[in-house]
Amino acid sequence: MENKLTLYNTLHRKKELFIPIHSPHVGMYVCGPTVYGDAHLGHARPAITFDILFRYLQHLGYKVRYVRNITDVGHLENDADSGEDKIAKKARLDELEPMEVVQYYTNRYHKAMEALNVLPPSIEPHASGHIMEQIDFVQKILNAGFAYESEGSVYFDVEKYNKKYQYGKLSGRNIDDMLESTRDLDGQSEKRRSVDFALWKKAAPEHIMRWKAPWSEGFPGWHMECSAMGTKYLGEEFDIHGGGMDLMFPHHECEIAQSTAALGKETVKYWMHNNMITINGQKMGKSLGNFINLEEFFTGTHPLLTQPFSPMTVRFFILQAHYRSTVDFSSEALQASEKGLSRLMEGYARLQKLTPSATSSVETAGLRAKCEEAMLDDLNTPIVISHLFEALKAINLVSDGKETFSEVDLVELNDVFKLMVEEILGLVVETETSAGNEAYKKAIDLLLNMRLEAKKNKDWATSDKIRNELTALGFEIKDTKDGFEWRI
RNA sequence: GGUACUUUGGCCGAGUGGCUAGGCACCGGUCUGCAAAACCGCACACGGCGGUUCGAAUCCGCCAAGUACCUCCA
């Protein structure tokens, strides 16, 4: 497969040419949500970022197996290896079975992703459904000598691992510094070192989520699931592992250590991380209490929002920034995106209705190559969008009858827009298509046709009455050369 | 304290050693019965101080401000 896709590899801090291990197959693993609460804007970012990558790799002709997990066990509340399981806590508070909590939020996550037009992954494994694989993985690490048992729990021996391999290579951390800065906190823990992390935890008597293992009845450590499920479905070596930047340490660092310890080799070739979303310059995070649910965006029911924003607006907003930049949220920025998106989508709709002329009077031939080039350069979606807007100027001029497109150019332009807008950026026109909706649309058309008649007869009073009252109801009426357009 | 990153016009947000990113807003114009939409034009941006260079916002150094990670978070 010939292409020049470059991706930024966090492991080496630079863009690298993407060469799959087993072309044309590509294996891609992305850390999914811990399902103990509603999805928020922060969840939308990796989902959309890696959705773009998934779509684009397929466009390039690769056969992609995309695995995105659901974390439903092992993710603890507090410092690495103590505190309550997040799911269990939510279940206790709501008086539900843990799996009820999991199912409820998984369903809601799917619904939100669908609204954002995020394609479902090829496989969506649950941590709780892969306990056996995780136990096996822990056993492998023990057998390799990089873990120890303590009071029924199993911990990863970071110091010993670091003597043979390098712990901290992904996040750029130095183990000696880490040991030094935390040494005085050590003492009564069952861990030998504070930097060690849990592979298996013995369950406390009141802990309801528990499974039998050789060491105790308990549950796997948080980092275990990704190592076990990633290698199960994608093999001991696979191409891409993605996730939010905040997962780089400790989660991904520990994953690397686990896999390398158990298998004796590097598992992931390209590590990719999307940046964070900020609110007023501050990271959106659970502990800060400043995160906004996706549903609140869609309904506009959050104090920071001045109005509802549609899923496509949110998607477009995220795509207008590069995935490795932080993007600062504000109602103002969202409004700008909303307007920009509707201009883009209206222009695209107009394009599909244009009629060809004998020749083209404006140049748009380079659009496809320019868009591809931007995508190949580490998925530069903002540049793709800027090229589309430039082409939009030509489209609008032709639509106004000021310029012309030849049939060849028109077909090409339609093709590129369909490819880039719909298939790669995944932007779709948001419309409801029920029968009642159709009838309602026809009724509006009828009214506007009556207005057209009135205009012909220079009956401005009637014409303005129709337009003004529709405007008052929230419609936007635009007169065109030979008719009208409207939207709500 | 350690590590990393960021700093671009009113707002958002790309980018390259010399060539207009783009969007939104504002203002002016074309069009229109009036408007809206569309189109055209407009602001002539790159944290500060030095250095490298024929030339730097883009490379290097120092400084300043901010953010993130080092605990859970996408």
Side-chain angles (χ1 to χ4, degrees), chain A residues 13 30-34 36-37 39-50 75-83 86 168 171-174 176-178 180-182 195 222 242-251 253 273-278 281-288 291 316-317 320-322 324-330 332-341 343-344 346-347 350 374 377 380-390 392-397 399-403 455 458-460 463-464 467-468 471 475-481 484-487:
Chain A
R13 313 268 157 168
V30 174
C31 292
T34 302
Y36 68 108
H40 55 78
L41 194 57
H43 289 102
R45 188 116 197 241
I48 289 172
T49 297
F50 293 104
H75 203 163
L76 303 184
E77 270 285 308
N78 279 309
D79 64 80
D81 303 310
S82 67
K86 290 186 175 199
S171 56
R173 247 159 259 263
N174 180 318
D176 295 325
D177 293 345
M178 293 171 64
E180 204 166 302
S181 63
T182 50
V195 289
W222 173 38
M245 240 172 208
D246 50 347
L247 295 180
M248 215 158 85
F249 189 91
H251 186 55
E253 199 70 75
H273 293 93
N274 63 274
N275 215 318
M276 303 288 107
I277 285 175
T278 58
Q282 248 199 339
K283 189 178 132 180
M284 183 183 306
K286 295 209 169 97
S287 49
L288 296 166
F291 65 95
F316 186 67
F317 173 67
Q320 267 188 306
H322 190 265
R324 282 191 287 113
S325 303
T326 55
V327 60
D328 196 49
F329 155 85
S330 68
E332 220 184 343
L334 258 297
Q335 273 165 2
S337 287
E338 182 178 54
K339 289 190 181 172
L341 175 65
R343 231 189 100 203
L344 180 67
E346 281 168 31
R350 258 178 226 133
D377 182 16
N380 201 330
T381 53
I383 293 293
V384 173
I385 291 169
S386 80
H387 290 320
L388 293 175
F389 272 109
E390 279 190 42
L392 200 62
K393 282 189 181 176
I395 290 166
N396 285 330
L397 285 169
S399 179
D400 277 5
K402 290 171 184 160
E403 303 281 358
K455 276 174 70 183
K458 298 207 188 299
D459 179 2
W460 309 127
S463 155
D464 285 355
R467 183 181 62 192
N468 293 343
T471 304
F475 291 90
E476 195 177 304
I477 313 299
K478 308 170 198 172
D479 285 355
T480 58
K481 238 171 35 174
F484 54 82
E485 287 177 12
W486 65 270
R487 64 172 177 178

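What you see is a predicted model; the values in this text were computed from it and never measured. Lettering of chains follows the sequences in order, A, B, ..., and the numbering in each one begins at 1. Side chains are part of it too, since the values below use all heavy atoms of this structure and drop only hydrogens, waters and symmetry mates.
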Quick one: label [X] by what it contacts on the DNA or RNA (base, sugar-phosphate, nothing), any heavy atom closer than 4.0 Å.
| X | answer |
| --- | --- |
| A:Ser463 | base |
| A:Gly244 | sugar-phosphate |
| A:Asn380 | sugar-phosphate |
| A:Glu338 | nothing |
| A:Met276 | base |

**OP:** Drop me the distance from A:Asp400's CG to A:Ile395's CD1, to the nearest 0.5 angstrom.
**Re:** 12.5 Å
**OP:** May I ask you to check whether A:Arg350 and A:Asn396 show a side-chain donor-acceptor distance below 3.5 Å?
**Re:** yes
Original post:
Can you find a side-chain donor-acceptor pair between A:Thr278 and A:Asp328 that sits under 3.5 Å?
Top reply: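 Yes, a side-chain donor-acceptor pair sits under 3.5 Å.
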Closest non-hydrogen atom pair, [X] against [Y]:
| X | Y | value |
| --- | --- | --- |
| A:Ala374 | A:Ile383 | CB-CG2, 3.5 Å |
| A:Cys31 | A:Leu247 | CB-CD1, 3.6 Å |
| A:Arg13 | A:Met248 | NH2-CE, 3.9 Å |
| A:Gly347 | A:Leu392 | CA-CD1, 3.5 Å |
| A:Asn380 | A:His322 | CA-CD2, 3.8 Å |
| A:Phe317 | A:Phe329 | CZ-CA, 4.0 Å |

Report yes if at least one side-chain N or O of [X] is closer than 4.0 Å to OP1 or OP2 of [N]; otherwise report no.
| X | N | answer |
| --- | --- | --- |
| A:Arg343 | B:A37 | no |
| A:Asn396 | B:C39 | yes |
| A:Arg324 | B:A68 | no |
| A:Ser325 | B:A14 | yes |

Tell me: [atom1] of [X] to [atom2] of [N], nearest whole Å?
| X | N | atom1 | atom2 | result |
| --- | --- | --- | --- | --- |
| A:Asp459 | B:C34 | CG | P | 17 Å |
| A:Phe316 | B:C24 | CZ | P | 9 Å |
| A:His322 | B:C12 | NE2 | P | 20 Å |
| A:Lys393 | B:A21 | NZ | P | 12 Å |
| A:Glu346 | B:G23 | CD | P | 15 Å |
| A:His273 | B:C5 | NE2 | P | 15 Å |
| A:Phe329 | B:C24 | CZ | C1' | 16 Å |
| A:Ile277 | B:C12 | CD1 | C1' | 14 Å |

Original post:
Do any N or O atoms from the side chain of A:His43 and from the backbone of A:His40 form a donor-acceptor pair under 3.5 angstrom?
Top reply: yes
Original post:
Under 3.5 Å, side chain of A:Gln320 to main-chain N/O of A:Ser337, donor-acceptor pair present?
Top reply: no
Minimum-distance nucleotide (side-chain atoms of [X] versus [options]):
| X | options | answer |
| --- | --- | --- |
| A:Arg13 | B:A4, B:A38, B:A21 | B:A4 |
| A:Asp400 | B:A14, B:C39, B:A74 | B:C39 |
| A:Ala321 | B:A38, B:C70, B:A14 | B:A14 |
| A:Asp246 | B:A21, B:A74, B:C70 | B:A74 |

Give me, pair by pair, the N or O atoms of the protein and of nucleotides 9-11 of chain B that are less than 3.5 Å apart, along with how far apart they are.
none

**OP:** Spell out yes or no: do the side chain of A:Arg467 and the base of B:A36 have one donor N/O and one acceptor N/O closer than 3.5 Å?
**Re:**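 Checked by distance alone, the answer is no.
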Subject >> Pairing stems for RNA chain B [at least three consecutive pairs; Watson-Crick or G-U; under 3.5 angstrom] >> reply: B:1-7 with B:64-70, B:10-12 with B:22-24, B:27-30 with B:38-41, B:47-51 with B:59-63
Subject >> Nearest-nucleotide 5' precedence on RNA chain B, A:Trp222 against A:Trp460 >> reply: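 On the 5' side of the pair lies A:Trp460.
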Original post:
Nearest nucleotide by nearest heavy atom, which residue falls closer to the 5' end of RNA chain B, A:Pro46 or A:Lys455?
Top reply: A:Lys455
Pull out every protein N or O sitting under 3.5 Å from an N or O of nucleotides 25-32 of chain B, one pair per line with the distance.
{"residue": "B:A25", "atom": "OP1", "partner": "A:Lys339", "partner atom": "NZ", "Å": "3.1"}

